[in-house]
Amino acid sequence: TPPEPQLISATAPSYCGSEDGSFSVAVNTNGTYEYALNDPAGNYFPSGDFANLSAGAYTVYVQSTNTYIPACQGNVVVDLEQPTPSDFTVLTEAPTNCGSADASISMLPLIAGLDYEYQLFDSENGTLQTSENGLFENLTAGTYELELLTSSAAGCSVSQTVTISSEEAPPLVVSSQNDPTWCGGQD
């Protein structure tokens with residue numbers, strides 16, 4: 001009969017897109033076994049401990065070290081789940097005057113210390129900006145789509161839409177007024 005490997009322990013990657021997940025698989029019967037990851041004809045190792053893994057499904061194949069008979073291989077599937085991407089908060093600063101291009105947006109990740117890519121898309125003019133630190137300056141009033149990418153792994157980004165409002169237009173002040181001297185006059 002083929003060996004029946006069992007999952008002993010599993011640790012998901014620490015953040016979305018990282019490759020620091022791990023798991024251990026063992027066979028709980030007498031004998032000496034070897035283990036291969038994702039390939040029944042691949043390289044076999046004397047231990048069922050696997051590390052430096054990203055999120056995903058892995059198949060561990062197990063066979064006796066005494067004989068290689070494909071029909072006598074057991075396997076177990078281990079699924080390391082992708083952690084939720086880090087979210088972020090947003091701080092905005094409105095333009096100082098109506099129409100000024102001195103507004104700013106700061107993206108602040110809730111999990112510090114990771115290698116992030118910050119993106120701002122201005123749908124009004126179709127431009128995409130990137131930032132190394134999450135700060136976008138020299139903006140005008142408008143609506144912006146922000147995206148925080150933790151890595152290039154699928155599903156490792158979060159986005160928010162932010163609107164920067166312009167300060168109120170200055171009030172119109174009439175300093176003097178002359179009534180026309182005759183009907184229809186413009187003086």
Side-chain angles (χ1 to χ4, degrees), residues 7-25 35-39 42-43 45 47-61 76-173:
L7 177 64
I8 303 302
S9 65
T11 303
S14 59
Y15 63 90
C16 192
S18 68
E19 295 179 351
D20 60 354
S22 63
F23 61 82
S24 295
V25 171
Y35 305 82
L37 189 61
N38 291 332
D39 184 0
N43 293 327
F45 303 96
S47 170
D49 297 330
F50 298 92
N52 301 318
L53 302 171
S54 59
Y58 297 91
T59 302
V60 178
Y61 295 91
V76 63
V77 175
V78 178
D79 187 24
L80 296 180
E81 292 190 23
Q82 185 78 270
T84 303
S86 175
D87 206 353
F88 62 98
T89 58
V90 176
L91 299 176
T92 61
E93 189 170 316
T96 54
N97 295 306
C98 181
S100 295
D102 60 354
S104 65
I105 293 176
S106 295
M107 297 171 61
L108 306 169
L110 298 181
I111 299 175
L114 301 181
D115 188 21
Y116 293 110
E117 181 179 329
Y118 303 87
Q119 295 183 346
L120 176 142
F121 180 70
D122 182 351
S123 58
E124 186 174 308
N125 63 23
T127 58
L128 177 68
Q129 296 179 38
T130 60
S131 169
E132 292 182 8
N133 60 11
L135 177 63
F136 297 93
E137 297 178 299
N138 303 318
L139 303 172
T140 59
T143 300
Y144 299 93
E145 181 71 27
L146 305 175
E147 187 168 20
L148 177 67
L149 295 94
T150 308
S151 79
S152 59
C156 288
S157 67
V158 290
S159 61
Q160 293 183 33
T161 301
V162 175
T163 300
I164 297 178
S165 299
S166 179
E167 295 293 317
E168 294 292 323
L172 179 60
V173 177

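One-based numbering along the sequence shown.
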Quick one: CZ on Phe23 to OG on Ser9, what's the gap to the nearest 0.5 Å?
10.0 Å
Quick one, Ile105 and Gln129 - any side-chain contact, counting heavy atoms below 4.5 Å?
no
Measuring from Ser22:OG to Leu53:CG, what's the distance to the nearest 0.5 Å?
7.0 Å
Donor-acceptor contact present, side-chain Gln82 to main-chain Gly56, <3.5 Å
no
Is any side-chain heavy atom of Gln119 closer than 4.5 Å to one of Leu128?
yes
Measure across Ser165 and Ala94 and return the closest heavy-atom pair with its distance rounded to 0.1 Å.
O-CB, 3.5 Å
How close do Val25 and Tyr35 get, heavy atom to heavy atom, and via which atoms?
O-CE2, 3.8 Å
Atom of Asp79, atom of Ala57 and distance for their closest heavy-atom approach
OD1-N, 3.8 Å
Measuring from atom OG1 of Thr140 to atom CG of Asn125, what distance do you get when rounded to the nearest 0.5 angstrom?
7.5 Å
Does Pro13 reach the side chain of Leu80, with side-chain heavy atoms less than 4.5 Å apart?
yes
Taking the side chain from Gln160 and the backbone from Asp87, do they hold a donor-acceptor pair closer than 3.5 Å?
no
Kindly indicate whether the side chain of Tyr116, heavy atoms from C-beta on, has any atom under 4.5 Å from the side chain of Ile111.
yes
Rounded to the nearest 0.5 Å, what separates atom OG1 in Thr130 from atom CD in Glu147?
12.0 Å
Side-chain donor or acceptor of Asn38 paired with backbone N/O of Thr59 under 3.5 Å:
yes
Nearest 0.5 Å please: distance from the CG atom of Leu149 over to the OH atom of Tyr118.
11.0 Å
Is the count of non-hydrogen atoms from other residues, nucleotides or ligands lying under 6.0 Å from Asn133 atom CG greater than 12?
yes
Do Ser159 and Glu145 have a side chain donor and acceptor closer than 3.5 Å?
yes
Shortest non-hydrogen separation from Cys156 to Gly17 and the atoms involved
SG-N, 3.4 Å
Residue pair Ala36 / Asp39: nearest heavy atoms and the distance that separates them
CB-O, 3.6 Å
Which label fits Phe45 and Phe50: parallel for a plane angle under 30°, tilted from 30 to 60°, or perpendicular past 60°?
perpendicular
Rounded to the nearest 0.5 Å, what separates atom CG in Leu37 from atom CG in Asn43?
10.5 Å
Ignoring hydrogens and geometry, is there a side-chain-to-backbone donor-acceptor pair from Ser47 to Asp49 under 3.5 Å?
yes
Minimum-distance pair of heavy atoms, taken over all atoms of Pro95 and Asp102
CA-OD1, 3.1 Å
Can you confirm whether Pro109 sits close enough to Leu114 that some side-chain heavy atom of one is under 4.5 Å from a side-chain heavy atom of the other?
no
